[in-house]
Amino acid sequence: MLTGTGTATAGPQHNGTDPAATGCNQNAYLAATRAIQTELGQVVSYVDAYYSNSCQTNWIRVRSNPAGGAAVKDIWADGQAALPTEIDYGSGSSYSMQVCAPGSTCIHFQVHLKYPNGQNYAETYTAGANSETVC
């Protein structure tokens with residue numbers, strides 16, 4: 001889990017901010033996990049969706065990018081525009097900024113993993129959907 005400066009209080013001011021820097025990660029819990037898979041269905045990593053009770057926010061964490069290229073992350077909550085696309089490079093884990101999602105507000109996200117040459121090789125995928133949804 002991420003470490004931060006202390007527990008924060010809820011509010012829309014946290015939309016688009018770092019969950020560790022704001023302290024929102026201090027009492028967060030794992031709300032859902034989704035697979036990241038190749039076109040052939042091979043699972044290569046996972047995305048964890050976290051929820052902070054104190055801040056009423058969600059964010060996602062990509063556990064790893066085995067190929068070591070870019071992890072491209074998009075996240076948004078119902079009724080809000082998506083945050084700017086975030087891209088992290090390397091094989092380690094990476095996380096998104098958080099979206100304000102009070103109570104049972106649904107969040108949506110999509111992750112694409114790329115090889116170092118930029119070619120897409122895996123993504124979160126649910127048949128018939130353009131993104132993953134967690135409510």
* **Residues in salt bridge (charged side-chain N to carboxylate O under 4.0 Å, His left out) contact with Asp48, at least two apart in sequence or another chain** => Arg61, Arg63
* Structure fact -> Sorted by chain and number, sequence neighbours left out, side chain to side chain donor-acceptor pair (under 3.5 Å) with His108 holds for Asp78, Thr133
* To do: Measure the spacing between CD1 of Ile75 and CD1 of Ile60 and express it to the nearest 0.5 Å.
  => 5.0 Å
* To do: Kindly determine whether Tyr29 and Asn53 satisfy side-chain contact (heavy atoms from CB on, under 4.5 Å), including the steps that lead there.
  => CA-CA 8 Å; Tyr29 66 88; Asn53 284 314; 3.8 Å; yes
* To do: Under the salt bridge (charged side-chain N to carboxylate O under 4.0 Å, His left out) rule, collect the residues that match up with Glu132, sequence neighbours excluded.
  => Arg34
* Nearest heavy-atom neighbours spanning Cys100 and Thr57 -> CA-CG2, 4.1 Å
* To do: Quickly, which of Leu83, Val47, Val111 forms a side-chain contact (heavy atoms from CB on, under 4.5 Å) with Lys73? Name it, please.
  => Val111
* To do: Apply side chain to side chain donor-acceptor pair (under 3.5 Å) to Asn65 and list each qualifying residue two or more places apart in sequence or on a separate chain.
  => Tyr121
* To do: Kindly compute the distance separating SG (Cys55) from CG (Asn15), expressed to the nearest 0.5 Å.
  => 12.0 Å
* Structure fact -> Across all chains, not counting sequence neighbours, the side chain to side chain contact (heavy atoms under 4.5 Å, CB included) partners of Ala77 are Gln80, Val99, Ala101, Thr105, Ile107
* Inter-residue atom distance Trp76.CH2 - Ser96.OG, 0.5 Å rounding -> 11.5 Å
* **ring pair (Phe, Tyr, Trp, His ring centres under 6.0 Å) partners for Tyr125, two or more places apart** => none
* To do: Using the test side chain to side chain donor-acceptor pair (under 3.5 Å), find all partners of Glu123 that sit at least two apart in sequence or belong to another chain.
  => His112
* Heavy-atom side-chain proximity of Thr124 to Phe109 below 4.5 angstrom -> yes
* Asked: Of all heavy-atom pairs between Val134 and Ala32, which one has the smallest distance, and what is that distance?
  -> CG2-CB, 3.7 Å
* Does any non-hydrogen side-chain atom of Leu113 lie less than 4.5 Å from one of Val62? -> yes
* Under the side chain to side chain contact (heavy atoms under 4.5 Å, CB included) test, which residues partner Gln119, sequence neighbours left out? -> Tyr115, Asn117
* Those residues that, when tested against Thr17, pass side chain to side chain contact (heavy atoms under 4.5 Å, CB included) (two or more places apart) -> His14, Thr22, Gln98
* Asked: With a 4.5 Å heavy-atom cut-off, do Tyr95 and Pro19 have their side chains touching?
  -> yes
* **Donor-acceptor contact below 3.5 Å, side chain Asn120 vs main chain Lys114** => no
* To do: Keeping to residues at least two apart or across chains, list the side chain to side chain donor-acceptor pair (under 3.5 Å) pairs with something in residues 35-47.
  => Ser45-Ser64
* For Asn27 and Ser52, what are the C-alpha separation, side-chain angles and deciding distance, and is it a side-chain contact (heavy atoms from CB on, under 4.5 Å)? -> CA-CA 6 Å; Asn27 71 349; Ser52 168; 3.5 Å; yes
* To do: Kindly write out the residues that satisfy side chain to side chain donor-acceptor pair (under 3.5 Å) with Ser91, not counting sequence neighbours, or none if the list is empty.
  => none
* Structure fact -> Joining Ile, Leu, Val, Met, Phe, Trp and Tyr whenever any side-chain heavy atoms lie under 4.5 Å apart, the cluster holding Ile87 also takes in Val72, Tyr89
